[in-house]
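The block underneath contains the structure these notes are about, expressed in structure tokens.
Naming convention: chains lettered A, B, ... in sequence-line order (proteins, then strands); numbering from 1 in each chain.
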Number of protein chains: 2
Amino acid sequence: MSNTRVLPLLDPDVSEVAKAPEAVAPCCPPLTERPFTSEEAETAARMFKALGDPVRLRLFSAVASHEGGEACVCDISDVGVSQPTVSHHLKKLKEAGLLTSERRGTWVYYRVEPSVLSAMGKLLTISPAAA
Amino acid sequence: MSNTRVLPLLDPDVSEVAKAPEAVAPCCPPLTERPFTSEEAETAARMFKALGDPVRLRLFSAVASHEGGEACVCDISDVGVSQPTVSHHLKKLKEAGLLTSERRGTWVYYRVEPSVLSAMGKLLTISPAAA
DNA sequence: CACCTGCTTCGACAGTCGTCAACATAGACA
DNA sequence: TGTCTATGTTGACGACTGTCGAAGCAGGTG
């Protein structure tokens, strides 16, 4: 289950994808545009929550900034916690749709899901109306 | 203690503020620029964590999108949890430096700390080097 | 085959978190 | 003064989370 179906943040439901098949639509409008609905909040919070732990943030940043946009676990696991804990956090990031993983021979490589970063960025955009 | 010193994300330490007094510097570089240090991760994670709860996200979005950029508690407390819980979450958002509050007569108004939004947005920017 | 290395899963434990009801406090107003 | 409304605080409780050591699994090498 290296590359299980993830991205629950961008396409939380299959029906959503069917509506806009050509481009993965961002889950939610900018935070400043209008009050989030319960569903939007649920979806977006999952994303923020995944980045709400220092260790996960370091792991994510390490992968995101690594050359080629991907990194082997061995490249990034020096964050001060045990190796099982690293694995645990990487799994969480994967479940949140922020990372994907692929095994190549001995090593496992993690890669940032690129559309997620921009989707989160848009969330924090100052909406034109508010500006 | 309505407007206690907050903003631990933007100026986590007084000494930091002393170094750059004219503008509140963003806490961290873009996530994609280089691996976060432990301190940077600690600071930024506090921010993400605060938004990592659906109820808090709805409250924050409600304040952020409200006219005038501020909202009375009574305007936004319809999020499906009890009033003490709303108060609890607003306190958390305040402690995270995302909101400020002010009492005006009978009501308490919450307002988004504007620099925080842009700081978080920059965090999620694709750094030029990675692009 | 046996053995080693890289990574994940399992099981357990302490600590944190979200929630509520009950109580407390601050202003407005009579 | 007393009372009413709007918020905040306290205390308790169940659920979730981060962490580790031990065990398991996958691939490479001999």
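- Rounded to a whole Å, the CZ atom of Arg56(A) is 8 Å from the P atom of dT19(D).
- Counting only heavy atoms from C-beta on, Val81(A) has its side chain closest to dC20(D) among dC20(D), dC20(C), dT9(C).
- Using modelled atom types, one side-chain atom of Thr43(A) and one backbone atom of Glu39(A) make a donor-acceptor pair closer than 3.5 Å.
- Of the residues near DNA chain C, Trp107(A) and Thr85(A), the one whose nearest nucleotide (by heavy atom distance) lies more toward the 5' end is Trp107(A).
- Distance Gln83(A) CD to dT9(C) C1': 11 Å, rounded to the nearest Å.
- No donor-acceptor pair closer than 3.5 Å links the side chain of Thr32(B) to the backbone N or O of Ser61(A).
- The residue among His88(A) and Gly105(A) whose nearest nucleotide of DNA chain D is located toward the 5' end is His88(A).
- Distances shorter than 4.0 Å separate some side-chain N or O of Lys49(B) from OP1 or OP2 on dC17(C).
- Nearest to the side chain of Val55(B), among dA6(D), dT19(C), dA22(C), sits dT19(C).
- Under the 3.5 Å distance criterion, the side-chain polar atoms of Ser87(B) are left unmatched by any main-chain donor or acceptor of Pro84(B).
- Atom CD of residue Gln83(A) and atom OG of residue Ser77(A) lie 6.5 Å apart, to the nearest 0.5 angstrom.
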Audit row: Glu102(A), Arg104(A), side-chain contact (heavy atoms from CB on, under 4.5 Å) steps and yes/no: CA-CA 6 Å; Glu102(A) 183 192 355; Arg104(A) 289 210 289 277; 3.0 Å; yes

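- In this structure, the CZ atom of Phe48(A) is 18 Å from the P atom of dC17(C), given to the nearest Å.
- Nucleic acid contact for Thr106(B): sugar-phosphate only, since backbone atoms but no base atoms lie under 4.0 Å from a heavy atom of the residue.
- Nucleotide dT16(C) holds its P atom 14 Å from the CD atom of Glu95(B), rounded to whole Å.
- Between Asp75(A) atom CG and dT5(C) atom C1' there is a gap of 15 Å when expressed in whole angstrom units.
- The residue Tyr110(B) sits close only to the backbone: its heavy atoms come under 4.0 Å of sugar-phosphate atoms, none of a base.
- Comparing dT9(D), dA26(D), dT8(C) against the side chain of Val73(A) picks out dT8(C) as the nearest.
- Spacing between atom NE2 of His89(B) and atom C1' of dC17(C) amounts to 9 Å, rounded to whole angstrom units.
- In this entry the distance linking CZ of Arg104(B) with P of dT7(D) reads 12 Å, nearest Å.
- The distance between atom NZ of Lys92(A) and atom P of dT17(D), rounded to the nearest whole Å, is 4 Å.
- Counting only heavy atoms from C-beta on, Ser82(A) has its side chain closest to dC20(D) among dT9(C), dC20(D), dT7(D).
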